[in-house]
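Remember, it's 1-based here, ligands and their atoms both numbered in the order they're listed.
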Amino acid sequence: MELELKNISVTLSNKEILKSINLKVENGEFISLLGPSGCGKSTMLKTIAGIINQHEGSVILGGNIIDNIPPYKRKTVIVFQDFRLFPHMTVAENIGFPLKILGVNKNKCRERAIELLKKVKLVGYENRRVHEMSGGQIQRVALARAIAAEPTVLLLDEPFSSLDTNLRKDMRELVLELQKEYKITTILVTHDKEEALIMSDKIAFMYNGQIEQYTTPKNIFNNPANTIVADYFLEGTYIDGEIMDNRFLSELFNIDVNKNNGKYKCLIRPLAVRPFKSHVGEFLVINKIYQGDNYLLKLNSTIKDLTLESIVPDFTDIMEGDKVNVEIVKDKLIFIPM
Ligand SMILES: Nc1ncnc2c1ncn2[C@@H]1O[C@H](COP(=O)(O)OP(=O)(O)OP(=O)(O)O)[C@@H](O)[C@H]1O
C-alpha cells in the first residue's frame, strides 16, 4: 500500500529528532533509509508503526490518515535487529502468532506457518524452539512471522547486521524475493550503503533528523545533492569551479560538461584520475597502497596545495617517488552545485 509521511516532526526528551519529514513510498516499492548513526532512521520506522507519536504531521497509508490508529491495527510490521521471537513457543507458533491475535483458528495458523516455512526454506522446522535454531534460521523465522498477517508495510530495522557476509547475501535475496512475490511496500533501515544500493528502488539519505536526498540508487550515487551525501557514498578530492556554457573551469583543469551554469564543487574520485609517468610531471607519488585487485596511489601536487588519489591496476609500474601527470576521466567526476 502507498505510504506517505507529511511534515512529520518528532521530539523525544525535549530534543527534535525528526524535523519536518516528507516522504512518499509507492505501493510495492522497496526503499532504504540510510545515514549515520543517530540520524533518526529507527525513530522514523517507529513513527510509521505508531510506536512513537509525532508531535506534528501525519502518516498516511493508502490515502488514509492513520495517526489515531494504534500500532496493532495499522497492519505495519517491524522486524527488529534482535528479531524478538518468543522463546517459549515453537517456530510454527511464533509464525502463526500475528494471525492468532487476529482471531484466526489454531489449525489455520499452523497451516499458514508451514506454508511460510516453505517460502523461507525451512521445511520441517515447525516444531523446533528458537534456541534450537542458528542465527540465520532465526532470521528466516522472524521474516516469516512478519509477513504472516500480510502487512501493508514491512519495516526492517537493520535485520542483516548480525549475519556474516554469505548469510547476509542469502537473506537480502530472500527478502527481495518475498517482497516482490507479496508486493509489500518495504522500508529498510541500514548503515550499509552497498546494501542500500543493491536492494532499493529508492534511497532516502538521512542526516540530523532530515532527509537530505530521496532518489534512485543510481541518481544518489552519480548526482549527490550536497557534500554530506557525497561524502557518505564516495571518496576523493574536491576542487571548486564554475560551469559556463557547458564547460567546467577550475584551477586544475577545464572540461566539457552538460550541466547548468553556476558554481560547483567537483569531486575527483580515485577512478577519475589516470596517472602516467613524466619527468616533468606535476604530481609526486607519495604513497602506493596495495588493495588486492589494484593499488591506491596518493599524489601530491608540486605546484598547488592539492592531493589526489588514484586507483591503478595491480600491474602498474608507477612507484613511490615517481613524478607523474594525470589525465582526468570526465565520466567519473561528480559535480555538486554550491
Ligand atoms: N526514547 C528516546 N528518548 C530520547 N532520545 C531518543 C529516544 N530514542 C532515540 N533517541 C535519540 O534520537 C536520535 C535518533 O535515534 P535513532 O535510533 O532513530 O537513530 P538511528 O539513525 O536509527 O541510529 P542507529 O543507526 O545508531 O540505530 C538519537 O540521538 C537517539 O539518542
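Geometric assessment of Arg140 against the ring of Tyr125 yields a negative cation-pi assignment under the 6.0 Å and 45° thresholds. Relative to the ring axis of Tyr295, Lys288 places its NZ or CZ within 45° and under 6.0 Å from the centre.
Looking only at protein heavy atoms, the nearest one to atom 19 (O) of ligand 1 is Gly40 N, 3.3 Å. Protein heavy atom in closest approach to atom 26 (O) of ligand 1: Ser37 OG, 2.5 Å. Among all non-hydrogen protein atoms, the one lying nearest atom 17 (O) of ligand 1 is Ser42 CB, 3.6 Å. Closest to atom 9 (C) of ligand 1 among all protein heavy atoms lies Leu12 CD1, 4.0 Å.
Rounding to the nearest 0.5 Å gives a distance of 13.5 Å between NZ of Lys218 and CD1 of Ile203.
In terms of heavy atoms, Asn226 sits closest to Ile336 at CA-CG2, 3.6 Å. Listed here is the closest heavy atom pair of Cys266 and Phe248: CB-CZ, 3.5 Å.
At least one donor-acceptor pair under 3.5 Å links the side chain of Arg74 to the backbone N or O of Ile66. Not a single donor-acceptor pair under 3.5 Å links the side chain of Glu320 to the backbone N or O of Leu284. Arg128 places no side-chain N or O within donor-acceptor distance of the main-chain N or O of Ala92, the cut-off being under 3.5 Å. Here the side chain of Ser9 pairs no donor or acceptor atom with the backbone of Glu56 at under 3.5 angstrom.
Only the side chain of Lys15 comes within 4.0 Å of ligand 1, counting heavy atoms alone; its backbone N, CA, C and O stay farther away. Residue Met206 does not touch ligand 1, judged by heavy-atom distances below 4.0 Å. With a 4.0 Å heavy-atom cut-off, ligand 1 is reached by the backbone of Thr43 and by its side chain too.
If you number the atoms of ligand 1 from 1 as listed, the ones under 4.0 Å from a heavy atom of Ile17 come out as 11 (C), 12 (O), 13 (C), 14 (C). Atom numbering of ligand 1 starts at 1 in the shown order; those under 4.0 Å from a heavy atom of Ser13 are 3 (N), 4 (C). Remark: ligand 1 atoms within the under-4.0 Å shell around heavy atoms of Cys39 are 19 (O), 21 (O). The ligand atoms of ligand 1 that sit less than 4.0 angstrom from a heavy atom of Glu158 are 25 (O), 27 (O).
Residue-to-ligand polar distances place Gly38 within reach of ligand 1: an N/O pair is separated by less than 3.5 Å. Considering backbone and side-chain N/O atoms, Val189 never comes within less than 3.5 Å of an N/O atom of ligand 1.
Within 4.0 Å of atom 11 (C) of ligand 1, at least one protein heavy atom is present. In this structure, atom 31 (O) of ligand 1 has no protein heavy-atom contact shorter than 4.0 Å.
By the neighbour-count criterion of 12 heavy atoms within 6.0 Å, atom CZ of Arg274 is sparsely surrounded, having that number or fewer from other residues, nucleotides or ligands.
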